[in-house]
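One structure is given here, and the rest of the page talks about it.
The structure presented is a predicted model; accordingly, all values stated were derived computationally and were not measured.
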Amino acid sequence: MKAGNRSLKWETAKVSLLPSFEQAHEAFVKEHTNRRQGERKGRLVRGHQYAEKLLLQNVWWPVFGSFDNLHPEYEVLDWNRKSQFLDFAYITPFGQFGLECDGYQSHIKDMDRERFSYSLNRDTFLTGLGWRMLHFSFDDVQKRPEVCRMLLQHAIGPAFFYKENAASISATSISSLRIERELLQAAWRLGGAIRPKEAREYLDVDFRTVRKHLQTMVEKGLLQPVSEGKQIRSYEVIPGALEQLLLQR
């Protein structure tokens, strides 16, 4: 057998060892079902249905490729210590996130005023406890999953980045990435571009430091300078830059 063929055979064998989504999902649900009892187990059996599985298949799995630290039908208590269940909870040392797949019919159209108020108050209460709540519409999960994946990366990317890289990169590198992300978010809020003066005021640092970070971001393809004569007037965000930075590993 030629070396190239041996290499191809080895690569094929490695790929075949990777679990498919269906295999991983079946093991994921089985593991959590076996660990639960009573209503928590019943809620998982009743609550984890087509929409929840589709959220994992179309959105979660393409981004993360595993279900580590993810919990289906996760029980939380409200301010009255009333039990509620999140579709999914992603719990890491760097943050805890609640994920919900909301259908228009059940979550909006058929919701009365009292349930609507409770839904908002519950999210606010959980926010106060340190949760970050992420809501995806069933329509987007089914028809526009790429939008959901982008938003998932935008929300969870920083926590995922620090989890994967905290032991392998320097504090200086982490600080620089944090500054670059904050500058991108500031530029986004300002309409897609930021002036050097605005960046300096935002970071509360000297002009030399701001210029260094802005030039580095131009070199990375995150920003592009907009000139007026020979002077750079502002820096525009390049499409996809924020997502690129959030997932940089």
Side-chain angles (χ1 to χ4, degrees), residues 24-25 28-29 31-32 35-36 40 43-44 47-48 52-53 55-79 81 83-102 119-137 140-141 145-189 202-203 222 240-249:
H25 178 260
F28 171 65
V29 174
E31 176 191 356
H32 284 274
R35 284 163 46 184
R36 299 186 185 185
R40 294 179 68 247
R43 177 67 186 216
L44 176 55
H48 189 78
E52 289 76 19
K53 180 179 178 180
L55 175 62
L56 296 181
Q57 183 174 0
N58 287 359
V59 181
W60 185 272
W61 185 260
V63 174
F64 289 96
S66 78
F67 300 126
D68 295 345
N69 301 316
L70 191 68
H71 306 267
E73 295 298 325
Y74 187 81
E75 184 178 25
V76 295
L77 300 178
D78 68 9
W79 56 94
R81 300 197 63 78
S83 180
Q84 297 290 321
F85 289 85
L86 306 178
D87 288 345
F88 299 99
Y90 183 53
I91 302 176
T92 77
F94 304 93
Q96 50 189 22
F97 305 82
L99 285 76
E100 302 263 70
C101 182
D102 299 338
S119 177
L120 298 180
N121 291 337
R122 186 201 69 169
D123 277 16
T124 302
F125 179 76
L126 291 176
T127 299
L129 294 178
W131 287 87
R132 295 180 64 181
M133 298 300 298
L134 313 178
H135 291 268
F136 302 97
S137 76
D140 278 346
V141 169
E146 69 282 355
V147 174
C148 301
R149 291 194 291 267
M150 179 273 292
L151 294 173
L152 179 66
Q153 293 168 356
H154 181 77
I156 295 185
F160 187 68
F161 171 82
Y162 289 126
K163 175 185 176 183
E164 295 293 311
N165 294 275
S168 61
I169 61 178
S170 68
T172 301
S173 298
I174 292 177
S175 177
S176 295
L177 287 169
R178 183 184 297 115
I179 289 173
E180 290 170 9
R181 186 171 62 250
E182 289 178 355
L183 284 175
L184 279 178
Q185 292 172 336
W188 188 270
R189 288 194 295 269
Y202 180 80
L203 295 177
L222 302 174
L242 188 56
E243 291 75 26
Q244 174 187 332
L245 183 61
L246 289 174
L247 293 181
Q248 202 175 82
R249 302 207 292 272

What are the two closest non-hydrogen atoms of [X] and [Y], and how far apart are they?
{"X": "Val59", "Y": "Val63", "answer": "O-CG2, 3.4 Å"}
{"X": "Asp102", "Y": "His135", "answer": "OD2-ND1, 2.8 Å"}
{"X": "Glu75", "Y": "Ser83", "answer": "OE2-OG, 2.6 Å"}
{"X": "Leu44", "Y": "Val29", "answer": "CD2-O, 4.2 Å"}

**Request:** Give the ring-plane orientation class for Trp79 versus Phe125, where under 30° counts as parallel, over 60° as perpendicular and anything between as tilted.
**Result:**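 Because their plane-to-plane angle is over 60°, the rings of Trp79 and Phe125 count as perpendicular.
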**Request:** Mind telling me whether His48 and Phe28 have parallel, tilted or perpendicular rings, with 30° and 60° as the class edges?
**Result:**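 The arrangement is perpendicular - the two ring planes meet at more than 60°.
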Are any non-hydrogen side-chain atoms of [X] and [Y] less than 4.5 angstrom apart?
{"X": "Pro145", "Y": "Asp140", "result": "no"}
{"X": "Pro72", "Y": "Arg36", "result": "yes"}
{"X": "Leu70", "Y": "Leu56", "result": "yes"}
{"X": "Asp87", "Y": "Leu55", "result": "no"}
{"X": "Arg122", "Y": "Leu86", "result": "yes"}
{"X": "Leu134", "Y": "Ile156", "result": "yes"}

Which distance, rounded to the nearest 0.5 Å, do you find between the [atom1] of [X] and the [atom2] of [Y]?
{"X": "Asp123", "Y": "Asp78", "atom1": "CG", "atom2": "CG", "value": "12.0 Å"}
{"X": "Asn58", "Y": "Glu146", "atom1": "CG", "atom2": "CD", "value": "10.0 Å"}
{"X": "Phe64", "Y": "Leu152", "atom1": "CZ", "atom2": "CG", "value": "5.0 Å"}
{"X": "His32", "Y": "Arg35", "atom1": "NE2", "atom2": "CZ", "value": "5.0 Å"}
{"X": "Leu129", "Y": "Thr124", "atom1": "CG", "atom2": "OG1", "value": "11.0 Å"}
{"X": "Met133", "Y": "Phe97", "atom1": "CE", "atom2": "CZ", "value": "11.5 Å"}

**Item:** Pairing residues for Trp131 by the ring-ring contact (aromatic ring centres under 6.0 Å, His included) criterion, not counting sequence neighbours
**Value:**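 Residues passing ring-ring contact (aromatic ring centres under 6.0 Å, His included) with Trp131: Tyr74.
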**Request:** Name all residues meeting the ring-ring contact (aromatic ring centres under 6.0 Å, His included) criterion together with Phe85; count only those two or more places apart in sequence or in a different chain, and write none if there are none.
**Result:**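 By the ring-ring contact (aromatic ring centres under 6.0 Å, His included) rule, Phe85 matches no residue at all.
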**Message:** With salt bridge (Lys or Arg N to Asp or Glu O under 4.0 Å) as the rule and sequence neighbours excluded, what pairs involving residues 148-157 come up?
**Reply:**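 Every candidate salt bridge (Lys or Arg N to Asp or Glu O under 4.0 Å) pair involving residues 148-157 fails, so no pair, neighbours aside, qualifies.
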**Prompt:** Can we call the ring centroids of Phe88 and Trp60 under 6.0 Å apart?
**Reply:**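 Distance test on ring centres: not under 6.0 Å, no.
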